[in-house]
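I have placed the structure first, in the form of structure tokens, so that the comments after it can refer back to it.
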Amino acid sequence: MTEPVPIVFVVDDDPSVRRAIKRLVESVGLRVELFGSVLEFTSTSHPDVASCLVLDIRLPGISGLDFQRELLKTHNEIPMIFITAHADIPMTVRAMKAGAVEFLTKPFRDQDLLDAIQVALERARATRKRQAETAVLRERLESLTPREREVLPLVVSGLLNKQVAAELGTTEATVKVHRSQLMKKMGADSLPDLVRIAEKIGVRGSSDRSSN
């Protein structure tokens, strides 16, 4: 299946800057959508494809940095590239520490922006892949029976079958069946594999929970 063409969202209140970036980005075969403010961007629905944001620091209404902070609060991981004609070191440090891909000062070189966009879109693809994998694992978790869900954190904490049985007040043979079934349903080939899967979906071992 061919991957949909990624989209570069440009948020800048200067129409000439928006048009220039649109021409540049489209020249390398990417889609571009233009917005004059954060409000305009957030009021529009966007396709579910890999994407990144190129936005000015100083914008009418919500500034670029404030918008970055709002997205972090909602766990929105869209990669961001900041552009500005009024940069200072504290501003740059704040943006980069919060996860910005790049911070470019106007006028910037076309290639610098294209390179930053490439990095941002690779990050977006990796995030989407991770989220898709996690969604599959959560579906598998949902397929477990209530008893198998009880067994899972005990198994990933390293307990032997007889220890799990003692913990749950059942027999070792029964635990062995539950363990085999949950391994199969979760798609785990080994205990280390099951531990990695559990970590990805936030299922912690019983010892981890009791220590907090």
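Rounded to the nearest 0.5 angstrom, I83 CD1 and D14 CG are separated by 9.0 Å. Atom CG in L113 sits 9.5 Å away from atom CD in E102 (nearest 0.5 Å). Summarising the geometry, atom CZ belonging to R94 is positioned 4.5 Å from atom CG belonging to L65; distances are rounded to the nearest 0.5 Å. One finds the CD1 atom of I21 at 10.0 Å from the CG atom of L114 (value rounded to the nearest 0.5 Å). Between the NZ atom in K200 and the CG atom in L141 there is a gap of 14.5 Å [rounded to 0.5 Å]. The CD1 atom of I78 sits 4.0 Å away from atom CG of L53, with the distance rounded to the nearest 0.5 Å.
S63 and D66 share a donor-acceptor pair across their side chains, judged by distance under 3.5 Å alone.
No continuous path of hydrophobic side-chain contacts links V10 to F67 [ILVMFWY only; heavy atoms under 4.5 Å]. Note on L182 and V177: separate hydrophobic clusters, where clusters join Ile, Leu, Val, Met, Phe, Trp and Tyr whose side-chain heavy atoms are under 4.5 Å apart, directly or indirectly. Note on V151 and I201: same hydrophobic cluster, where clusters join Ile, Leu, Val, Met, Phe, Trp and Tyr whose side-chain heavy atoms are under 4.5 Å apart, directly or indirectly. If you chain together hydrophobic residues whose side chains sit under 4.5 Å apart, V156 and V164 fall into the same group. No continuous path of hydrophobic side-chain contacts links L104 to M96 [ILVMFWY only; heavy atoms under 4.5 Å].
For the pair E150 and L168, the minimum side-chain heavy-atom distance is below 4.5 Å. Here the side chains of E167 and S157 are not in contact, with every heavy-atom distance at 4.5 Å or above. Counting heavy atoms from C-beta outward, I62 and L39 have side chains that stay 4.5 Å or more apart. Side-chain contact between S37 and L59 is absent, with no heavy atoms from C-beta onward closer than 4.5 Å. A heavy-atom distance below 4.5 Å is not found between the side chains of L55 and F41. Here the side chains of F82 and V54 are not in contact, with every heavy-atom distance at 4.5 Å or above.
Applying the side-chain contact (heavy atoms from CB on, under 4.5 Å) test between V203 and each of V195, L152, L194 identifies L152 as the sole match. When each of M80, R123, Q118, E122 is checked for a side-chain contact (heavy atoms from CB on, under 4.5 Å) with V101, only R123 meets the rule.
Side-chain atoms of Q68 come within 3.5 Å of backbone atoms of A95 as a donor-acceptor pair (strictly under, hydrogens ignored). Formation of a donor-acceptor pair under 3.5 Å by the H46 side chain with backbone atoms of I7 is not found in this model. S43 contributes no side-chain N or O that, together with a main-chain N or O of E40, makes up a donor-acceptor pair within less than 3.5 Å. Side-chain atoms of R18 do not come within 3.5 Å of backbone N or O of L34 as any donor-acceptor pair.
Pairing each heavy atom of L137 with each of M186, the nearest pair is O-CE, 3.9 Å. The two atoms that bring L30 and P6 nearest to each other are CD2-CD, 4.0 Å, heavy atoms only. Taking each heavy atom of P153 and R204 in turn, the nearest pair found is CB-O, 3.3 Å. Nearest heavy-atom pair across M183 and L191 is CE-N, 4.0 Å. R140 and G187 get closest at one heavy-atom pair: NH1-CA, 3.9 Å. Closest heavy-atom contact between A124 and S51: CB-O, 3.4 Å.
The 12-atom threshold is exceeded at NZ of K106, counting heavy atoms of other residues, nucleotides or ligands nearer than 6.0 Å.
Note: F35 and F9 have tilted aromatic rings, judged against thresholds of 30 and 60 degrees for the angle between ring planes.
For residues 177-187, the pairs satisfying side chain to side chain donor-acceptor pair (under 3.5 Å) are E148-K185, N161-R179, with sequence neighbours left out.
Salt-bridge check for D48 with R128: passed, with a basic side-chain N closer than 4.0 Å to an acidic carboxylate O. Between E142 and R138 there is no salt bridge, since no side-chain nitrogen of the basic residue lies less than 4.0 Å from a carboxylate oxygen of the acidic one. Salt-bridge annotation for E133 and R130: absent, with no side-chain N of the basic residue lying under 4.0 Å from a carboxylate O of the acidic one.
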Which is it for T170 and R147 under the side chain to side chain contact (heavy atoms under 4.5 Å, CB included) test, yes or no, and what are the steps along the way?
CA-CA 11 Å; T170 186; R147 195 53 148 176; 4.0 Å; yes
